[in-house]
Each structure stands twice: as C-alpha cells, then as structure tokens.
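A quick write-up on the structure given underneath.
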Amino acid sequence: MDLVERAADLLMASRLTIALTGAGISVESGIPDFRSAGGLWTKYDPSEYATIEAFVSNPEKVWEMLREMGEVVGNAIPNRAHIGLGELERLGYLHFVITQNIDNLHQAGGSRNVIEYHGNASTLSCLSCGRHYRSSDKASQYPPRCECGNILKPDVIFFGEAIPSEALSRSYELAQTAQAVFVVGTSATVSPANTIPSTAKRGGATIIEINKERTHLTDTITDIFLQGSAGTIVDEILNAVKRESAGSNVRL
Ligand code: NAD
C-alpha cells in the first residue's frame, strides 16, 4: 500500500480529523509564503513589518506592506488543496481546519469549520478607542483611519500579539482529542500554532504531513510524510478516499 492510500485509510478510520495549515497551502494560489525567493517577504522582512511593536511605532510604514499583501490576497482564488480539504469535510472525513493563514481561502474553497488562529484581514480595529470596521468599508482610504483619527489595524495577529482566546482554546481541545492530523504547508516554526501537532501526537493522533520540504516535524513526530505540492497531494488523498469509499460501498 502506498503512503497516499495509507493516509486515506487513516482518514476513513478516524473519528476526529483536523488539519493545521500554513502559508504553503496558499502558495499555489499565488500568495508567497515566508520562504519563496523573490516574494513579498524578500521585500518586507516579517521581523521588521509583522510585529505589533512595528505597527504601533510606525503604522504608515506597516500599511505599505499590508496594502501590497492585501492586493495579492484580494486577487487570490482557492487552489486544489483548499478545495480538496473542503470536499473531504463535506464527505465527513475532515472535521476542522485550523489555519495560520489570514487569506480566507479555506472558506472560499468550501470548508465550513475553519478556526482562524491568526485572525482575519476582513475587519479592522482601532487600538486607541476600540471601534471596529469592515475592511471593505474602508477600501478607499489609505491608510484606513478610525472616526477618532487613529490609523486602524487589521484584525490579524502580528508577532508579539496574543492568539484570539477562543481559537486558542478550541484548537487545543481539538488537538487533544483528534485521532488524525493533517499538517499542510507549514514550517511549524511559529509559536504557539506549532504546538498543535505535538499536542495531538501526545494524545495519540497520527500525524500526516504534507510539505514540499522536510521540516523539523518530519523526523520527530510525523507518521506519514507526503512530499510534494499541497494541491497535488490533497487531490490524490481525496481521490483515494473516493475510490476506497466506492469500493467498500460506504457513504458515497
Ligand atoms: P512558512 O512560510 O514558515 O512555511 C511555509 C511552508 O510551506 C514551508 O515548510 C514550505 O516548504 C511549505 N510549502 C511551500 N509551498 C508549498 C506547496 N505548494 N505545497 C506544500 N508545501 C509548501 O509558513 P507558516 O509555517 O505558515 O508560518 C508563517 C506565518 O506567516 C504564519 O503565521 C502564516 O500563516 C503567515 N503567512 C500567511 C500567509 C497567508 O495568509 N496566505 C502568507 C504568508 C505568511
């Protein structure tokens, strides 16, 4: 049995399967991860632009990066990996996606149970007076400002900020009880999201990792490593699940 079939079998046997996704799953949608050569992040060093300290001390400068990222994300459409995970959820084989991404592509790809660990760029908040706005309502203003005059911050988690408490507790709870975990397109270096796979492993889950490159998880806690692009591998798993379901005449 090949690794894709093993992964499909595990999914079909698991009562609770979650996916932890990172920037790599959206690379095929044209959104660069932190590693792509020549991408957004070679121009804007995340340690200089993506920290809360940077935003508070110079929001105009950080908005240069946010505006460019907003254009890239705004033009992106879900790829086969997002759509495949949505389809696995629809078929009842994937129960939650926990994403570190802020690009909304899982929802656009059909996933309904999405936990946005690092928030979402579709809303803005004022760090001074606490007012909230929809980003679309401020699209014509750059940088977007609150009624009080302060520059608004998108509701995404910058380095140095706390994870939204509900996302944090729900993800931890799911990690502890999951029987299988997909880890897709993440270097698993950003904390605390990177504790989700190890928490799940300690609880007895099988870890299925999909990545173009090996990560520090690959030789430590990963049970099945599927090397390649997320779109291709998720598609292969989806097809294997459909074949096996049809063969055993279960569900489909
Ligand atoms: P990362 O950039 O540290 O790692 C990306 C991983 O994806 C790497 O291990 C890489 O080998 C892998 N990868 C790249 N292309 C792939 C593909 N086509 N198929 C499979 N794997 C592929 O990203 P991270 O671990 O998510 O951490 C970076 C932080 O920045 C996170 O908070 C992340 O969400 C955020 N970020 C988000 C976006 C977005 O919303 N799309 C984009 C850039 C960064």
Side-chain angles (χ1 to χ4, degrees), residues 4 7 19-52 54 62 65-66 68-85 97-109 111 114-122 135 154-164 167-168 171 182-198 208-220 222 225-237:
V4 168
L20 171 68
T21 67
I25 198 170
S26 296
V27 167
E28 288 161 82
S29 293
I31 305 174
D33 63 2
F34 278 168
R35 291 155 171 248
S36 314
L40 189 64
W41 305 110
T42 49
K43 187 165 158 195
Y44 300 109
D45 178 356
S47 64
E48 199 186 325
Y49 283 85
T51 68
I52 188 63
V62 172
M65 177 272 286
L66 290 172
E68 200 165 326
M69 187 166 187
E71 278 166 16
V72 175
V73 169
N75 290 326
I77 55 170
N79 64 53
R80 287 183 301 164
H82 301 106
I83 293 167
L85 292 184
V97 173
I98 302 168
T99 188
Q100 299 166 81
N101 298 342
I102 48 109
D103 54 28
N104 219 43
L105 291 181
H106 284 296
Q107 293 91 328
S111 291
V114 181
I115 297 174
E116 295 179 306
Y117 207 80
H118 290 160
N120 188 301
S122 63
S135 302
D155 291 331
V156 299
I157 303 305
F158 282 61
F159 288 113
E161 281 193 291
I163 303 302
L168 188 68
S171 300
F182 271 127
V183 182
V184 190
T186 175
S187 59
T189 49
V190 176
S191 174
N194 64 352
T195 62
I196 292 170
S198 50
I208 304 161
E209 184 182 14
I210 301 174
N211 201 305
K212 274 188 142 167
E213 294 166 19
R214 300 176 80 81
T215 69
H216 70 97
L217 300 180
T218 315
D219 296 318
T220 52
T222 296
F225 179 55
L226 297 165
Q227 187 159 17
S229 75
T232 305
I233 307 266
V234 170
D235 229 21
E236 285 176 5
I237 292 174

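Start at 1 and go down the list; that is how both ligands and their atoms are numbered. The structure presented is a predicted model; accordingly, all values stated were derived computationally and were not measured.
Proximity to Gly228 (heavy-atom distance under 4.0 Å) selects the following atoms of ligand 1: 19 (N), 20 (C). Of all atoms in ligand 1, numbered sequentially from 1 with element shown, those under 4.0 Å from a heavy atom of Gly22 are 26 (O). Residue Ser229 approaches ligand 1 through these ligand atoms, each under 4.0 Å from one of its heavy atoms: 18 (N), 19 (N). Of all atoms in ligand 1, numbered sequentially from 1 with element shown, those under 4.0 Å from a heavy atom of Asp103 are 39 (C), 40 (O), 41 (N). Close contacts of ligand 1 with Gly185, meaning ligand atoms under 4.0 Å from a residue heavy atom, involve 5 (C), 6 (C), 7 (O), 21 (N).
Of the candidates Phe159, Phe34, Phe158, it is Phe34 that places a heavy atom closest to atom 28 (C) of ligand 1. Residue Ser187 holds the heavy atom nearest to atom 4 (O) of ligand 1 of all those in Ser26, Ser187, Pro32. Relative to atom 13 (N) of ligand 1, the option among Ser29, Ala50, Gly24 with the closest non-hydrogen atom is Gly24. Among Pro46, Ala230, Gly30, Ala188, the residue whose heavy atom sits closest to atom 19 (N) of ligand 1 is Ala230. Of the candidates Ile102, Thr186, Leu217, Ile102 brings a heavy atom nearest to atom 40 (O) of ligand 1.
Of the protein's heavy atoms, Asn211 OD1, 3.2 Å lies nearest to atom 12 (C) of ligand 1. Residue, atom and distance of the protein heavy atom nearest to atom 37 (C) of ligand 1 are Asn101 OD1, 3.6 Å. Counting only heavy atoms of the protein, atom 36 (N) of ligand 1 lies nearest to Ala23 CB, 3.9 Å. Scanning the protein for heavy atoms near atom 18 (N) of ligand 1, the closest one is Glu28 OE2, 3.2 Å.
Judged by the shortest distance from any of its heavy atoms, Ala76 lies outside the 4.0 Å radius around the atoms of ligand 1.
In this structure, a donor-acceptor pair under 3.5 Å is present between the side chains of Ser229 and Thr232.
Of the possible donor and acceptor atoms, one in the side chain of Ser29 sits under 3.5 Å from a partner among the backbone N and O of Ile77. Of the possible polar contacts, none joining the Asp155 side chain to the Ala121 backbone as a donor-acceptor pair under 3.5 Å is found. At distances below 3.5 Å, at least one donor-acceptor pair connects side-chain atoms of Glu28 with backbone N or O atoms of Gly231.
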